[in-house]
Structures are given as structure tokens and as C-alpha cells.
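Remarks on the structure that follows.
One-based numbering, in listed order, for ligands and for the atoms of each.
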Amino acid sequence: VPSELELIQTFVRATGAAPLVPAGPGDDAAVLAPSGASCVTVDALVEGVHFRRATASLEDIGHKALAVNLSDLAAMGARPRWCLVALGLPRGFRRSEARAMGRGLGGLARAAGVKVVGGNVTRAPGLSLTVTVGGEAPDTGLLLRSGARVGDALWVSGTLGDARLGLLLLESRGNGPGGLLRRHPRLARGTMGRQRRPTARVALGQALAGLATACIDLSDGLAQDAARLAMASRAQLHIRLGELPTSRALSAAIPEPGARNRFAAMGGEDYELLFTAPPDVATQVLRRGRRARVQVRKIGEVVWGRGTVLVDERGRPVRGVHGFQHFTR
Ligand SMILES: [Mg+2]
């Protein structure tokens with residue numbers, strides 16, 4: 001079994017040699033020199049809870065463990081800088097396997113400008129990878145969930161429901177909705193890719209700082225995460241399901257618009273950004289989306305009240321659209 005230091009060095013090397021910090025890794029603690037406000041988040045990926053070895057490669061797991069944290073920093077408008085990795089390794093886990101996870105994490109870390117500054121390894125009954133990511137607040141201030149004001153427009157980035165569709169396809173070995181893998185293999189593989197290697201909207205989050213009034217990343221599905229933003233802002237979100245952005249893959253899998261939009265609203269692990277902005281800055285929102293190379297779409301408004309109201313394509317309230325949990329369908 002390789003030593004703890006060797007294993008952590010695998011991850012450190014995967015993000016490049018130049019140290020970001022005055023000291024670390026290799027000492028008892030990393031030493032950081034933050035400029036201004038820092039922003040820190042942590043998330044664990046646990047075998048059997050968040051992934052299965054049968055449907056996710058070790059590179060996928062390394063990538064995703066960082067991506068889900070980057071998504072949280074994106075929702076704050078922060079610039080990610082460093083991360084800590086904590087590995088739980090089952091008996092017999094090989095160095096080459098740790099290296100594969102390091103490659104997955106390292107590829108994304110380099111692209112995002114993030115350095116591994118330290119870590120920990122422990123024996124565990126199953127594989128787990130816990131990543132802590134820290135970043136810097138922009139001069140324009142951080143985005144919070146609590147800033148939505150009555151009259152603001154509600155926006156969302158990208159497309160919704162693809163990662164959930166990808167999970168169904170992976171879990172059913174291709175017998176997912178609409179026979180998608182058989183009829184449209186390229187589209188189907190795209191959704192599985194979104195499930196296994198999500199993209200965090202880091203550039204968009206930073207572009208929205210100072211413009212958006214509130215923001216949250218979509219990890220548990222639009223319906224559930226919108227309710228969290230509404231509660232934090234002490235307002236109500238009015239969401240038109242007919243406006244939800246959906247992909248060609250989702251249209252091919254679920255042709256009926258009503259069913260498709262409800263699926264998209266409940267889809268977990270989108271890692272898109274849901275945000276609010278005053279109605280008179282719509283042009284700037286669209287421009288900043290283009291600059292960050294991601295589509296943004298207006299899907300509703302902030303109104304008086306509490307919670308969320310979801311309306312269908314004809315404006316009728318929709319019930320029974322709930323959140324998402326792994327492996328509990
Ligand atoms: Mg989040």
C-alpha cells in the first residue's frame with residue numbers, strides 16, 4: 001500500500017508543480033495568503049451513495065468530486081484557487097487507481113486554476129473522495145441566496161434534466177426513457193457525460209457577481225433548489241415550466257412537453273446556476289452569458305409570498321414536482 005504522502009503527492013502533481021501558497025503541501029498544514037474575503041466549501045463523493053464503480057470511472061470520480069465543489073463556488077461568484085483532498089480507500093486499492101482519480105481531478109483543477117495544497121488518506125470500507133475548495137471573493141462582492149427582490153427576473157443557465165436522464169440510462173444499462181441509447185447514441189452518451197463529468201459554471205458565476213441579486217447552483221433539482229433560494233430571500237419564485245431550457249437529447253427521450261418539463265424541473269445534478277436579477281439588466285445578463293459561453297434563459301419572476309409556484313405550459317399550477325436524491329427512485 002503506498003504511503004499517505006505518496007498518494008497525496010499524486011493529486012498535488014496532477015494540478016501542476018508551482019505552489020500557490022507560502023507553504024504546503026508537505027508540512028503539517030498548508031499556509032494560505034488570502035487577499036480579501038475567502039469562500040470555502042466541502043463535498044464528499046461516496047461509493048454506493050453518489051457513484052457506483054460499475055458506471056463511473058476513477059477519472060470520472062476525481063473530476064466530479066472537484067466539479068461539484070467548483071459549482072458551489074460558482075454560485076457564490078467566487079474565483080476558485082486551492083483544494084484539499086481527503087481519500088477513503090478500501091483494502092487493496094492500488095496506486096495506479098489513485099493516479100487515475102488524480103488525473104480526473106487534476107485535469108479539471110488545471111483548467112480552473114486550482115492547486116491541491118494538502119490532503120488526508122484513511123482506510124475505509126468503500127471508496128470515497130472528499131474535496132474542500134477555497135476561492136476568492138470578487139471585488140464586486142459575493143452572490144448569496146438571500147438577495148432576490150420582488151420584481152426581479154428569474155434566470156437559469158444551460159439545459160436542465162440531462163444529468164438525471166444520463167443517470168437513468170447508466171442505471172438501466174441503456175434501456176432508459178424512449179430507447180434513447182439505441183435511437184440516438186450520440187445524444188444519449190452526451191447525457192451520460194453530464195452525469196459523470198458535470199461542468200461547473202465558474203466563469204458565469206464570476207460574470208454575474210455585481211449584477212445578479214441572488215444565486216444558487218442546481219444540485220438537487222430546480223424545484224428543490226428554487227425553494228431554497230425563495231426561503232433565503234423571503235420571497236416567492238414564480239416559475240413557468242414551459243420556459244425551462246431542455247436539450248435535444250431530453251426532447252428525444254421524452255417527446256411530450258409537459259412530462260419533459262416536469263422531468264427537467266426535478267432533475268438532479270444539473271450544476272447549472274439559478275439566479276435573479278433586476279428586470280432592467282436583462283440585456284447585460286444575456287451579454288455576460290455569451291461572454292461566459294453559456295446560454296442563459298429567463299424562466300420566471302420573484303413575487304410577494306413564500307416558496308415556489310410552478311405553472312405548466314398553459315399557466316396552471318403544477319403539483320408533485322419534488323427534489324432529487326441518488327438511488328432512491
Ligand atoms: Mg450548492
message = If the threshold is 4.0 Å, N to carboxylate O, is there a salt bridge linking Arg240 and Glu301?
response = yes

Whether Arg194 and Glu269 form a salt bridge (side-chain N of Lys/Arg under 4.0 Å from carboxylate O of Asp/Glu) is what I want to check. no

Is it true that Asp225 and Arg228 make a salt bridge, defined as a side-chain N closer than 4.0 Å to a carboxylate O? yes

**Prompt:** Would you call Glu59 and Lys64 a salt bridge, using N to O less than 4.0 angstrom?
**Reply:** no

- Task: Establish, for the pair Arg164 and Phe263, whether the NZ or CZ atom is under 6.0 angstrom from the six-membered ring centre and no further than 45 degrees off its axis.
- Result: yes

Checklist line | salt_bridge(Glu6, Arg95) N-O dist < 4.0 Å | finding: yes

For the Mg ion (ligand 1) the protein N, O or S atom count under 2.8 Å stands at 2

